[in-house]
Number of protein chains: 2
Amino acid sequence: MSDAMLGKALLIRAVECDQNGRILEAQTLYQDGIAQLMSFVHSEPDEVKKKGFLTRIKEYIDRADAIKARVNGKMMLGEVVTHLSIEENDTGNDYDQIFGQYMTDETIEIMLEEPYLTQNYQFQNLIRFLELAVTNCKHLKYIRLITKKDANNLDQQKTNLGQIKADLERRQIAFYIKYEDTLHDRKIFLSNGYIIKIGRGLHFYKASNPMYSIGLTNYKYRKCLQTDVDIWRTNK
Amino acid sequence: MSDAMLGKALLIRAVECDQNGRILEAQTLYQDGIAQLMSFVHSEPDEVKKKGFLTRIKEYIDRADAIKARVNGKMMLGEVVTHLSIEENDTGNDYDQIFGQYMTDETIEIMLEEPYLTQNYQFQNLIRFLELAVTNCKHLKYIRLITKKDANNLDQQKTNLGQIKADLERRQIAFYIKYEDTLHDRKIFLSNGYIIKIGRGLHFYKASNPMYSIGLTNYKYRKCLQTDVDIWRTNK
């Protein structure tokens with residue numbers, strides 16, 4: 001498919017997602033579609049045609065900006081639903097116990113901001129989170145992961161995340177990975193309006209010690225590190 | 001404590017367990033108590049006293065034999081509750097889904113015959129089974145594990161099982177390990193009367209492939225190897 005065709009196809013899907021309330025996926029599609037069209041326009045020799053294209057691209061950029069404002073607005077406004085302090089060595093805090101009840105059939109999109117995904121246990125935590133999402137959110141369509149690049153082994157990180165992306169796509173869930181090297185805060189945004197903020201993100205479990213003991217695989221028995229959990233609900 | 005004192009203490013606990021229907025633990029305690037008393041009797045120089053002790057030991061041996069017959073009887077008689085054929089690559093078969101419903105508050109003792117416990121994934125499966133037992137059987141007091149010795153690394157196997165034993169004892173669950181090198185069949189006996197026979201024992205899951213994919217930690221998404229499951233209920 002040419003850049004222009006691909007760009008158009010992406011933008012058509014962007015508008016569809018936008019109309020269906022799937023604003024995170026729409027945002028990604030607008031952005032990708034615009035980039036495709038831009039690279040096509042740059043190679044267009046006819047200045048009149050070029051100007052026409054740029055005018056239409058500008059419209060899509062405006063739509064994308066409007067969505068960005070909506071997404072950011074959703075992140076900021078809202079009411080506190082609950083607060084939980086996890087103390088050092090506490091148990092009874094697997095993901096399901098903390099925020100499983102907010103991951104519902106109405107959650108069709110998820111944005112996960114988790115800066116640290118480089119170690120084996122961190123990828124395991126990501127899978128554990130995704131398993132819960134797949135289990136609880138029956139109509140899940142799109143997940144956006146924002147994380148930092150692994151400075152030491154970027155290839156391995158990309159391989160792992162690529163495998164996860166392929167696996168989710170087999171389940172008809174789009175998985176979009178964005179690298180942001182300045183990311184610090186952790187946040188989980190659910191499209192049904194809930195935002196979960198955990199001080200340590202997904203990684204607040206201690207290692208199983210001794211390895212073979214209750215809590216190795218069932219994290220409700222895992223000892224935790226101290227961290228705070230805040231759960232918000234955005235205004236619809 | 002002297003051999004004689006320890007032996008007596010074990011036998012008192014054996015009788016208590018026996019009277020409370022905890023026949024697996026009673027069996028272990030009779031056996032250990034008898035062994036302690038025997039080693040004491042052998043060093044008793046007074047032939048008359050020795051004979052008196054042997055007479056009492058004989059009574060305990062008879063009780064232990066009676067329990068053995070009861071345990072074996074329970075294993076053999078019963079009615080089929082359900083049969084399940086797991087096909088190659090099936091999913092939806094974590095331990096809880098297959099037999100979680102039979103592990104209840106009435107399960108105070110468990111006997112697990114699992115010949116193969118040497119590899120990392122096999123110990124993980126054992127922990128996964130024990131986590132389910134601890135979760136579902138609120139009054140669990142005793143687990144007997146029967147397995148084969150690891151011919152290649154017995155020290156590591158003993159270390160791992162020793163750690164599991166210590167971990168369970170912190171939860172007031174006695175864990176008794178018996179090595180039987182001729183063991184082949186797999187069986188789970190629950191003291192509430194259910195027997196679960198799985199052709200491959202605890203080890204019927206395929207490896208996660210690729211490693212980081214849905215099913216890495218939640219085994220209801222894990223692909224299985226072909227195996228049959230038979231569940232029986234013994235006559236009470």
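Residue numbering restarts at 1 for every chain, and letters A, B, ... go by the order of the sequence lines.
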Query raised in the report: So what's closer than 4.5 Å to chain B heavy atoms on A:Leu168: side chain, backbone, both or neither?
Result: side chain

Report summary line: Against chain B, residues from residues 208-228 of chain A with at least one heavy atom under 4.5 Å, in numeric order, are A:Pro210, A:Met211, A:Tyr212, A:Ser213, A:Ile214, A:Gly215, A:Leu216, A:Thr217, A:Asn218, A:Lys220, A:Tyr221

Requested in this report: Give every residue pair that meets the salt bridge (charged side-chain N to carboxylate O under 4.0 Å, His left out) criterion with at least one member in residues 202-214 of chain B, sequence neighbours excluded.
Outcome: B:Glu88-B:Lys206

Query - Results of side chain to side chain contact (heavy atoms under 4.5 Å, CB included) for B:Tyr179 - residues two or more places apart only - result: B:Thr147, B:Lys149, B:Gln157, B:Lys158, B:Leu161, B:Ile177

**Report entry** Residue-level interface, residues 93-104 of chain A with chain B, non-hydrogen cut-off under 4.5 Å
**Finding:** none

**Report entry** Residue B:Arg13 excluded, over 12 heavy atoms near CZ under 6.0 Å
**Finding:** no

